[in-house]
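Just so we're on the same page: letters track the sequence lines, and every chain starts at 1.
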Protein chains: 2
Amino acid sequence: MRLERDTGEWLKGSGPESDIVISSRIRLARNLQGYAFRTKLAPAARIALEQKLHEAIDAAGLPEKVRYSRLDEFPEVDRQYLLERHLISREHAGGEGARGVAVTASENISIMTLEEDHLRLQVLRSGLDLDACWTEIDRLDDRLEEHLTYAFDPELGYLTACPTNVGTGIRVSVMLHLPGLVLTQHIERMFRSIVRISLVVRGLYGEGTQASGDFFQVSNQVTLGQTERQIIDEFKQFVPRIIDYERKVREKLLTSDRERIEDRVSRACGTLRSARTISSAEAMEKLSLVRLGVNMGLIPDLEIGAVNSIFINAQPAHIIKRAGRAMDAEERDVARARYIQEEMGSN
Amino acid sequence: MRLERDTGEWLKGSGPESDIVISSRIRLARNLQGYAFRTKLAPAARIALEQKLHEAIDAAGLPEKVRYSRLDEFPEVDRQYLLERHLISREHAGGEGARGVAVTASENISIMTLEEDHLRLQVLRSGLDLDACWTEIDRLDDRLEEHLTYAFDPELGYLTACPTNVGTGIRVSVMLHLPGLVLTQHIERMFRSIVRISLVVRGLYGEGTQASGDFFQVSNQVTLGQTERQIIDEFKQFVPRIIDYERKVREKLLTSDRERIEDRVSRACGTLRSARTISSAEAMEKLSLVRLGVNMGLIPDLEIGAVNSIFINAQPAHIIKRAGRAMDAEERDVARARYIQEEMGSN
């Protein structure tokens with residue numbers, strides 16, 4: 001797999017509220033009528049179904065050029081690479097057996113085949129743009145349905161492998177960058193208010209992952225008893241309140257604690273520009289401060305799109321793909337420091 | 001008191017072994033016959049003696065221009081300033097009552113009056129140069145003796161306020177920069193071998209101070225039963241062994257751990273060049289790594305004399321003198337970061 005572009009379209013750093021909302025994402029879980037759920041499929045039946053799904057995706061006529069990849073034929077580093085780009089889930093990267101993913105050229109759309117469900121459709125957008133995600137994924141869903149018959153129950157809605165997805169099969173999420181709330185220790189309070197309205201906070205790579213570098217993924221929990229529109233509207237009401245909260249805290253930091261914040265941002269730049277070796281976790285932590293600094297107007301010579309791009313490209317599999325050869329963790333840390341300095345300059 | 005020069009001659013970073021030995025220092029403790037020790041002097045008698053000592057120093061005809069200052073008339077910041085330049089002791093800076101210090105233009109010689117003893121003569125030299133220190137201080141001692149009668153006992157030698165100085169009244173010391181031994185955790189072992197031969201390890205500002213930033217002052221403990229020459233010769237035998245040890249460790253670091261050491265040095269530069277506020281302790285710790293880096297050839301654009309100068313000028317009283325106004329600790333930390341970036345460049 002070649003490295004075709006630096007980042008997906010959805011990371012370009014534009015779109016509404018993109019200083020705080022990195023991206024919006026909607027995914028739909030779908031299964032085919034007349035087929036067992038994935039875990040109950042015999043290997044041969046699974047291979048045949050994977051083939052059928054691949055053909056349906058090709059036939060659906062997606063709006064952009066699509067590349068379909070069989071993950072079970074992929075080396076681990078390539079699966080990790082797709083995971084780091086948020087195009088497949090952790091489970092899909094690590095799983096076994098016939099399975100694949102279709103990705104559009106812009107990386108705005110990805111379709112996983114035989115993940116937990118037969119199909120997982122995903123649409124990503126830069127910034128806060130859930131309506132655009134919904135319009136696109138709804139159209140995608142319709143196009144696929146012209147070639148496939150979904151398992152649908154008039155009472156329950158779409159049937160899914162895990163009961164938590166039954167109904168709409170929808171998961172709406174936004175990736176938020178909330179360094180202000182973390183710095184001022186307001187983040188826990190914000191989390192409590194999120195949980196109270198049945199939303200879930202997760203780390204950068206979804207379920208079971210830790211939030212790191214001040215990035216948080218907020219998504220819905222309930223898929224049953226509400227329409228897709230209701231779920232999206234709930235998000236559209238709540239996310240601006242988080243954004244406001246983060247913005248107010250940033251403003252307060254700039255007036256009451258400007259020196260400390262400038263110091264932390266400037267030191268983060270200094271470390272990124274001078275380290276000869278840097279771990280993924282430290283790079284992310286420092287880049288988070290740099291991203292905050294750019295958005296607060298403290299670093300005039302960097303653009304937010306460039307910072308977003310470094311975030312993605314500094315991850316382990318991206319560093320390896322870039323080098324074009326196997327590397328252990330120590331070598332990666334050295335290559336990461338070099339890559340960051342190519343992008344941000346060095347001391 | 002005006003800031004006349006950036007650093008004393010003894011900090012210019014030249015002289016033998018100056019990559020490891022910052023400076024060599026000899027001091028002599030002397031008291032006058034017919035006068036009580038300082039602690040037993042009535043205030044009026046003390047004022048008269050201070051005057052007499054000042055006149056004797058003026059009359060002695062020192063090799064350079066001398067400035068004599070009455071410390072009891074000095075504001076605290078100016079006393080602190082002299083302490084940071086190693087021209088007076090902590091006790092002399094903090095004491096009370098009539099007392100003074102004579103300092104030559106190069107700052108190679110200082111003479112404290114009415115510190116613990118009536119007179120404390122000190123000669124400093126850059127690098128390892130105890131013979132030069134001895135020649136100079138011996139001549140200075142002779143010149144002063146032409147105008148003063150020292151308290152001397154044929155059996156005991158020079159009489160001093162504290163029994164630990166009786167005899168020669170000499171203290172020989174070298175200021176060592178041993179970051180290699182600290183990084184590789186060999187420093188404790190080295191300390192044990194120093195103590196075994198009756199030498200003492202102290203911090204940067206002598207007795208009762210903690211070693212910081214990898215700097216250590218090694219001095220003799222015994223002043224009785226040995227001649228000055230024997231004490232100096234013992235030093236001249238032992239110090240090269242410490243130097244060898246530190247050099248071997250540095251070489252080993254460069255071969256077996258080059259990446260880690262380059263990373264630490266480069267990050268220290270990065271922090272010094274990017275911090276918007278920095279404490280004295282952090283500056284010293286980072287400058288120590290920078291000094292190591294310069295001596296290991298890892299930082300081509302900095303000279304050791306410049307680093308030595310920053311060490312002195314980044315200290316609290318120096319920052320205040322430079323600004324020409326009172327500053328609290330927070331303001332100093334901001335001014336310190338700015339000063340360092342004027343000298344080292346910024347990100």
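- Within a 6.0 Å radius of CD in A:Gln185, no more than 12 heavy atoms belonging to other residues, nucleotides or ligands are found.
- No more than 12 heavy-atom neighbours from other residues, nucleotides or ligands sit within 6.0 angstrom of CZ on A:Arg264.
- Interatomic distance, CZ of B:Arg273 versus CZ of A:Arg273, reported as 12.5 Å (0.5 Å rounding).
- Using a 4.5 Å cut-off between heavy atoms, B:Ile278 touches chain A through backbone and side chain atoms alike.
- For the atom pair B:Glu259 CD and A:Asp333 CG, the distance stands at 9.0 Å (nearest 0.5 Å).
- A:Thr277 and B:Asp263 make their closest contact through N-OD1, 3.1 Å (heavy atoms, listed as atom of the first residue, atom of the second, distance).
- By the 6.0 Å contact criterion, CZ on B:Arg247 is enclosed, its count of non-hydrogen atoms from other residues, nucleotides or ligands being greater than 12.
- A:Arg267 touches chain B through backbone and side chain together, each having a heavy atom under 4.5 Å away.
- Other residues, nucleotides and ligands contribute more than 12 heavy atoms inside 6.0 Å of the CD atom of B:Glu342.
- Taking all atoms of both residues into account, the shortest heavy-atom contact from A:Gly270 to B:Ser274 is CA-OG, 3.4 Å.
- Interface remark: B:Val265 contributes no atoms to any contact with chain A (heavy atom separation under 4.5 Å).
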